[in-house]
Amino acid sequence: MPTFRAPDGTLLAYHLTGDGAGEPLVCLPGGPTDSRYLGDLGGLSAHRPLLALDLRGTGRSAVPRDPASYRCDRMTDDVEALRVCLGLDRMDLLAHCAGANVAVRYAARHPERVGRLALITPSVRAVGIPVTADDRRETALLRKDEPWFPAAFAALEAVLAGEFTAGQRRALAPFSHGRWDGATRIRHAAEEELVDGAVLAAFGAEGAFEPEATRAALARFPRPVLVLAGEVDPGAPPRVLAEFAGLFPDGELVVQPRAGHTPWHDDAERFVAATARFLA
């Protein structure tokens with residue numbers, strides 16, 4: 001397992017997948033959690049080798065001495081240390097979900113070190129775009145004809161009203177996926193086991209995000225940006241991601257039909273076509 005040292009000495013690991021041509025595409029996982037859930041991103045590794053970073057305290061990366069270093073803004077130093085380790089003057093980045101917060105904070109701080117930036121069903125916390133209850137309801141209602149919908153929608157309404165329980169979290173699960181079948185249930189359960197609550201809580205601690213400064217920096221970001229939304233993903237609704245794409249001078253929104261929060265599982269061929277085209 002390849003490793004390198006973060007500036008504070010924490011030993012970090014990354015995974016290399018695929019035999020595609022060119023320099024590796026650096027991938028930042030969501031969660032933050034073990035990057036193995038990304039797999040080969042639906043076959044994207046046939047186009048570019050994928051280098052998936054295990055963020056500190058997740059996967060094969062070590063637990064840092066200072067738990068406060070799990071904070072999103074501090075993880076950008078780990079991304080820069082990885083670039084230096086790889087000997088790259090500039091690197092293409094792909095980030096999923098919460099990893100997009102790290103990616104855009106890194107791009108704001110080191111714009112000259114980023115080539116193309118692909119944000120897949122990204123979290124928008126780092127840029128402070130509000131996601132309204134209506135945004136989530138409108139997207140969720142696209143699934144109203146599915147058998148699991150009544151229980152899931154009731155759980156969503158409870159969460160939007162300020163309630164959140166483990167049972168509601170389980171009931172909401174189908175909304176994260178373009179299809180909710182036996183294989184998806186097994187994969188979802190396995191991915192849930194990878195989440196460390198302590199890392200998750202510290203990631204968004206006070207000071208992790210500076211939305212106004214980040215938006216101002218991204219308005220000057222000189223490279224192409226892809227924002228890929230899942231049509232039926234209430235976690236990152238397409239309307240919100242359209243606003244996110246609009247923050248960049250060269251931002252492009254792609255909405256993948258019938259896709260949820262992990263679009264490479266819902267339609268790998270469509271996901272790879274869109275992402276590989278952007279990265280080419």
Visitor: Does a side-chain heavy-atom distance below 4.5 Å link Leu41 with Val272?
Guide: no
Visitor: Determine whether the side chains of Asp266 and His177 contain a donor N or O and an acceptor N or O closer than 3.5 Å.
Guide: no
Visitor: Kindly state each residue pair satisfying ring pair (Phe, Tyr, Trp, His ring centres under 6.0 Å) with at least one member in residues 36-84, sequence neighbours excluded.
Guide: Tyr37-His96
Visitor: Working to the nearest 0.5 Å, report the span between CG of Asp233 and CZ of Phe175.
Guide: 11.0 Å
Visitor: Taking CZ in Arg169 as the centre, count heavy atoms belonging to other residues, nucleotides or ligands within less than 6.0 Å. Is the count above 12?
Guide: no
Visitor: When you measure from the side chain of Arg136 to the backbone N and O of Pro234, does any donor-acceptor pair fall under 3.5 Å?
Guide: yes
Visitor: Kindly indicate, with the supporting measurements, whether the criterion side-chain contact (heavy atoms from CB on, under 4.5 Å) is fulfilled by Val127 and Leu218.
Guide: CA-CA 9 Å; Val127 293; Leu218 298 181; 3.7 Å; yes
Visitor: Inspect the contact between Arg143 and Glu231 and indicate whether a charged nitrogen and a carboxylate oxygen are less than 4.0 angstrom apart.
Guide: no
Visitor: Do the side chains of Arg116 and Glu252 get close enough for a salt bridge, i.e. N-O under 4.0 angstrom?
Guide: no
Visitor: What closest approach, in Å, do Ala155 and Ala171 show between heavy atoms, and which atom pair accounts for it?
Guide: CB-CB, 3.7 Å
Visitor: Relative to the ring of Phe153, is the ring of Phe149 parallel (under 30°), tilted (30 to 60°) or perpendicular (over 60°)?
Guide: parallel
Visitor: Suppose we screen for side chain to side chain donor-acceptor pair (under 3.5 Å). Which residues come up paired with Arg179, at least two apart in sequence or across chains?
Guide: none
Visitor: Rounded to the nearest 0.5 Å, what's the gap from CG on Leu38 to OG1 on Thr262? Could you check?
Guide: 10.0 Å
Visitor: Any side-chain donor paired with an acceptor under 3.5 Å for Asp66 and Ser69?
Guide: no
Visitor: Under 3.5 Å, is there a donor-acceptor pair between the side chain of Thr214 and the main chain of Glu210?
Guide: yes
Visitor: Tell me whether Val63 is reachable from Leu11 by hopping between hydrophobic residues (I, L, V, M, F, W, Y) whose side-chain heavy atoms are closer than 4.5 Å.
Guide: no
Visitor: Answer yes or no: is there a donor N or O on one side and an acceptor on the other, between the side chain of Arg83 and the main chain of Val79, under 3.5 Å?
Guide: no
Visitor: Would you please name every residue forming a salt bridge (Lys or Arg N to Asp or Glu O under 4.0 Å) with Arg56, sequence neighbours left out?
Guide: Asp8, Asp78
Visitor: Can you establish whether the number of heavy atoms outside Arg60 located under 6.0 Å from its atom CZ is more than 12?
Guide: no
Visitor: As an exercise, state the distance from CD1 of Ile129 to CG of Leu241, rounded to the nearest 0.5 Å.
Guide: 8.0 Å
Visitor: Evaluate Val227 against Val254 for side-chain contact (heavy atoms from CB on, under 4.5 Å), listing each step before the verdict.
Guide: CA-CA 6 Å; Val227 178; Val254 170; over 6 Å; no
Visitor: Quick check: does any side chain N or O of Thr58 sit under 3.5 Å from a backbone N or O of Leu55, one acting as donor and the other as acceptor?
Guide: yes
Visitor: Looking at residues at least two apart in the chain, or sitting in another chain, which of them share a side chain to side chain donor-acceptor pair (under 3.5 Å) with His265?
Guide: Arg187
Visitor: Might you confirm whether atom CD of Glu193 has over 12 heavy atoms from other residues, nucleotides or ligands at distances under 6.0 Å?
Guide: no
Visitor: Using 0.5 Å steps for rounding, measure from the CH2 atom of Trp264 to the OG1 atom of Thr121.
Guide: 6.0 Å
Visitor: Without swapping roles, check the side chain of Ser61 against the backbone of Ala13 for a donor-acceptor pair under 3.5 Å.
Guide: yes
Visitor: Would the distance check show the side chain of Gln256 and the main-chain N or O of Pro263 forming a donor-acceptor pair, the cut-off being under 3.5 Å?
Guide: yes
Visitor: Do Arg71 and Glu206 sit within salt-bridge range, that is, some charged N less than 4.0 Å from a carboxylate O?
Guide: no
Visitor: Any idea which heavy atoms bring Ala81 and Arg5 closest together, and the distance?
Guide: CB-O, 3.9 Å
Visitor: Crowded around Glu138 CD? As in, over 12 foreign heavy atoms under 6.0 Å?
Guide: no
Visitor: Mind listing the closest non-hydrogen atom pair of Ser123 and Phe244 along with its distance?
Guide: O-CE2, 3.8 Å
Visitor: Decide yes or no on salt bridge (charged side-chain N to carboxylate O under 4.0 Å, His left out) for Glu146 and Arg258, but give the supporting numbers first.
Guide: CA-CA 13 Å; Glu146 303 204 34; Arg258 302 301 299 171; 3.4 Å; yes
Visitor: Can you tell me how far CG of Leu94 sits from CG of Leu279, rounded to the nearest 0.5 angstrom?
Guide: 7.0 Å
Visitor: Would you please test Val124 and Asn101 for side-chain contact (heavy atoms from CB on, under 4.5 Å) and show each step?
Guide: CA-CA 7 Å; Val124 294; Asn101 296 308; over 6 Å; no
Visitor: I'd like to know if Leu117 and Leu50 are part of one continuous hydrophobic network [Ile/Leu/Val/Met/Phe/Trp/Tyr, side-chain heavy atoms within less than 4.5 Å].
Guide: no
Visitor: I need the single residue from Arg113, Arg48, Arg223 that forms a salt bridge (Lys or Arg N to Asp or Glu O under 4.0 Å) with Asp92. Which is it?
Guide: Arg48
Visitor: Please work out whether the ring planes of Phe248 and Phe221 are parallel, tilted or perpendicular, with thresholds of 30° and 60°.
Guide: perpendicular
Visitor: Could you verify whether a donor N or O on one side chain and an acceptor N or O on the other, from Ser35 and Asp54, lie under 3.5 Å apart?
Guide: yes
Visitor: Are more than 12 heavy atoms, taken from residues, nucleotides or ligands other than Asp19, located less than 6.0 Å from that residue's CG atom?
Guide: no
Visitor: With rounding to the nearest 0.5 Å, note down the distance linking CG in Leu82 to CE in Met91.
Guide: 6.0 Å
Visitor: Quick one, Arg109 with Thr76, criterion side-chain hydrogen bond (donor to acceptor under 3.5 Å, both in side chains). Give me CA distance, side-chain angles, the key distance, then yes/no.
Guide: CA-CA 8 Å; Arg109 187 177 297 178; Thr76 61; 2.8 Å; yes
Visitor: Which residues, ordered by chain and number, are linked to Ile186 in its hydrophobic cluster, where ILVMFWY side chains connect at heavy-atom gaps below 4.5 Å, directly or through other members?
Guide: none
Visitor: Do Leu226 and Leu51 share a hydrophobic cluster (ILVMFWY, side-chain heavy atoms under 4.5 Å, transitive)?
Guide: no
Visitor: Could you please spell out the steps behind the salt bridge (charged side-chain N to carboxylate O under 4.0 Å, His left out) verdict for Arg137 and Glu157?
Guide: CA-CA 8 Å; Arg137 285 193 192 95; Glu157 289 286 22; 3.0 Å; yes
Visitor: Cluster question for you: counting only ILVMFWY and a side-chain heavy-atom cut-off of under 4.5 Å, with indirect links fine, are Leu142 and Val131 together?
Guide: no
Visitor: Check the hydrophobic clustering (I, L, V, M, F, W, Y; side-chain heavy atoms under 4.5 Å; chains of links allowed) and say if Leu172 and Leu141 are grouped together.
Guide: yes
Visitor: Only distances under 3.5 Å count here; give the side-chain donor-acceptor pairs of residues 22-34 to other protein atoms, sequence neighbours excluded, each with its distance to 0.1 Å.
Guide:
{"unit_1": "Thr33", "atom_1": "OG1", "unit_2": "Leu194", "atom_2": "O", "d": "3.0"}
{"unit_1": "Asp34", "atom_1": "OD1", "unit_2": "Arg36", "atom_2": "N", "d": "2.9"}
{"unit_1": "Asp34", "atom_1": "OD1", "unit_2": "Arg36", "atom_2": "NE", "d": "3.1"}
{"unit_1": "Asp34", "atom_1": "OD2", "unit_2": "Arg36", "atom_2": "NE", "d": "3.0"}
{"unit_1": "Asp34", "atom_1": "OD2", "unit_2": "Arg36", "atom_2": "NH2", "d": "2.7"}

Visitor: If you take all heavy atoms of Ala242 and Leu253, which pair is closest and at what distance?
Guide: CB-CD2, 3.6 Å
Visitor: In sequence, state the C-alpha distance, the side-chain angles, and the governing distance for Met75 and Phe203, and then conclude on side-chain contact (heavy atoms from CB on, under 4.5 Å).
Guide: CA-CA 9 Å; Met75 286 189 179; Phe203 180 79; 4.0 Å; yes
Visitor: Which heavy atom of Pro130 sits nearest a heavy atom of Arg239, and at what distance?
Guide: O-NH2, 3.7 Å
Visitor: Please report the shortest heavy-atom distance between Gly178 and Val232, naming the atom on each side.
Guide: CA-CG2, 4.4 Å
Visitor: Do Asp250 and Val225 make a side-chain contact, defined as non-hydrogen atoms from C-beta onward lying under 4.5 Å apart?
Guide: no
